[in-house]
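Here is the naming used below: chain letters follow the sequence lines, and residue numbers restart at 1 for every chain.
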Protein chains: 2
Amino acid sequence: MATTHVKEMKTLTEHLGKHQLKLTRQRELILGAFLRQEHITAEAMYHQLAKSDPHLGLATIYRTLNLFCDAGLAQARHFGSQTQYDNIAHKGHHDHLICTNCQKIVEFENEEIEQLQEDVARKNGFTITTHRLELYGLCSRCRH
Amino acid sequence: MATTHVKEMKTLTEHLGKHQLKLTRQRELILGAFLRQEHITAEAMYHQLAKSDPHLGLATIYRTLNLFCDAGLAQARHFGSQTQYDNIAHKGHHDHLICTNCQKIVEFENEEIEQLQEDVARKNGFTITTHRLELYGLCSRCRH
DNA sequence: TTGAAATTGATAAACCGTATCAATATCATA
DNA sequence: TATGATATTGATACGGTTTATCAATTTCAA
């Protein structure tokens with residue numbers, strides 16, 4: 001973790017410093033695990049990290065993932081009854097096409113749409129830091 | 001209600017007939033209230049209808065809004081920790097600009113973006129039934 | 001090294017939506 | 001219109017997800 005995610009680690013420590021928060025073993029551990037994924041739920045991470053640290057509590061994972069959201073490293077997305085925490089770095093400019101029948105997810109990128117989003121934001125006096133675009137429907141297989 | 005929402009009433013009764021379901025006083029009442037809004041939560045409707053019918057149960061409202069989804073009159077959308085039921089008739093109006101500092105939400109609609117979304121979906125063999133577009137950033141007041 | 005303050009783990013509680021079930025309302029049929 | 005099979009309702013228990021609580025522990029500035 002230490003050598004591969006220097007940038008994200010810096011983003012986190014800067015956020016911590018700015019808000020009088022502390023860097024803990026658990027936060028480092030969770031950050032390392034989080035950055036390895038594109039998106040994950042708190043529950044999934046709980047099971048995944050049980051091997052590394054059997055005493056790591058679920059509440060700590062929720063708290064930490066929410067902290068990552070505050071720090072701008074993660075983004076919470078409510079899907080069904082659960083919350084997915086998206087890795088901002090991995091996400092980049094990928095938007096999603098999601099099949100509501102088989103749950104298949106196709107990533108896409110569209111520069112024209114991004115541009116129009118900027119236009120909309122500017123017209124309303126907003127400065128965009130991130131966005132989320134999800135198209136729900138049926139994939140070709142499930143339509144039949 | 002009776003005279004203004006004839007079309008939606010027909011859609012509902014057709015769905016009811018097709019599935020051996022019955023038209024009840026509660027379903028009529030909830031339909032009338034629902035069609036007056038662009039989107040609403042079950043909880044909000046519960047309080048809103050308490051005046052018209054103090055004994056109307058929350059479970060009935062959930063059941064009925066889900067029924068409207070099945071009938072194609074409504075669409076459920078997970079927003080924050082709650083479920084918003086969108087009025088299909090008003091569809092296309094539920095994209096959002098969200099200020100990450102003050103939580104202000106501005107709704108917008110952009111026909112060009114919608115069109116491009118259709119293009120992307122078609123290229124990937126998808127048929128879109130709904131979508132979610134949220135732009136996160138700072139509003140003009142919070143940027144300063 | 002010290003100690004004020006933040007964090008943790010365990011778990012209780014809150015929250016949202018669904019399941020259950022006896023009582024009631026609907027509506028096709030006679 | 002009256003009947004009765006069946007769908008619906010309201011009240012509430014329940015289940016899953018996330019947050020709040022709090023004593024014990026850890027962090028880190030001085």
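A ring-ring contact (aromatic ring centres under 6.0 Å, His included) check over residues 30-76 of chain B, counting only residues at least two apart or in different chains, returns the pairs B:Phe34-B:Phe68. Counting only residues at least two apart or in different chains, salt bridge (charged side-chain N to carboxylate O under 4.0 Å, His left out) contacts with residues 115-124 of chain A comprise A:Asp119-A:Arg122.
OP1 or OP2 of D:dT19 has not a single side-chain nitrogen or oxygen of A:Tyr62 nearer than 4.0 Å. For A:Ser81, no side-chain nitrogen or oxygen approaches OP1 or OP2 of C:dC16 to under 4.0 Å. Contact annotation: B:Thr60 side-chain N/O to D:dG10 OP1/OP2 distance is under 4.0 Å. Taking only side-chain nitrogens and oxygens, A:Asn66 never comes nearer than 4.0 Å to OP1 or OP2 of D:dT18.
Comparing the end axes of the helix from C:dT1-D:dA30 to C:dA30-D:dT1, each fitted to five base pairs by superposing C1' atoms of four pairs onto the next four, gives an inter-axis angle of 30° (nearest 10 degrees).
Without hydrogens or angle criteria, B:Arg143 side chain to B:Gly137 main chain gives no donor-acceptor distance under 3.5 Å. Checked by atom type and distance alone, the side chain of B:Asn87 pairs as donor or acceptor with a backbone atom of B:Ala89 at under 3.5 Å. Between the side chain of B:Arg132 and the backbone N or O of A:Tyr136, no donor-acceptor pair lies under 3.5 Å.
Rounding to whole angstrom units, NE2 of residue A:His19 and P of D:dC28 are separated by 16 Å. One atom, CG of B:Leu23, and another, P of D:dT9, lie 10 Å apart when rounded to the nearest Å. As a whole-Å value, the separation of B:Leu29 CG from D:dT9 C1' is 13 Å. Distance CD (A:Gln84) to C1' (D:dG16): 16 Å, rounded to an integer number of Å. Between B:Glu28 atom CD and D:dA7 atom C1' the separation is 16 Å, expressed in whole Å. Put simply, CG on A:Leu67 is 13 Å from P on D:dT19, counting in whole angstrom units. In this structure, the CD atom of B:Gln20 is 10 Å from the P atom of D:dT8, given to the nearest Å. Rounded to whole Å, the distance from CG on A:Leu65 to P on D:dT17 is 15 Å.
With respect to A:Asp86, the side chain to side chain donor-acceptor pair (under 3.5 Å) criterion is satisfied by exactly one of A:Arg77, A:Gln37, A:Gln75: A:Arg77.
Within 6.0 Å of CD on A:Gln48 lie more than 12 heavy atoms contributed by other residues, nucleotides or ligands.
Residue contacts shown for B:Leu58 are absent, as no nucleic acid heavy atom lies under 4.0 Å away.
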Between protein and nucleic acid, restricted to nucleotides 20-25 of chain C and to nitrogen or oxygen atoms under 3.5 Å apart, what atom pairs and distances do you find?
{"unit_1": "C:dT20", "atom_1": "O4", "unit_2": "B:Arg63", "atom_2": "NH1", "d": "3.4"}

Under 3.5 Å donor-acceptor pairs involving side-chain atoms of residues 8-15 of chain A, not counting sequence neighbours:
{"unit_1": "A:Thr11", "atom_1": "OG1", "unit_2": "A:Lys7", "atom_2": "O", "d": "3.1"}
{"unit_1": "A:Thr13", "atom_1": "OG1", "unit_2": "A:Met9", "atom_2": "O", "d": "3.1"}
{"unit_1": "A:Thr13", "atom_1": "OG1", "unit_2": "A:Lys10", "atom_2": "O", "d": "3.0"}

Decide salt bridge (Lys or Arg N to Asp or Glu O under 4.0 Å) for B:Arg25 and B:Asp53; before the verdict, give the C-alpha distance in whole Å, the side-chain angles of both, and the deciding distance to 0.1 Å.
CA-CA 11 Å; B:Arg25 183 179 59 75; B:Asp53 181 353; 3.0 Å; yes

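Side-chain atoms of A:Leu16 and A:Arg27, non-hydrogen and from C-beta on, do get closer than 4.5 Å to each other.
Residues of residues 39-56 of chain A that place a heavy atom closer than 4.0 Å to DNA chain C, in numerical order, are A:His55, A:Leu56.
In plain terms, the two heavy atoms of A:Asn66 and A:Tyr85 that are nearest each other are OD1-OH, 3.0 Å.
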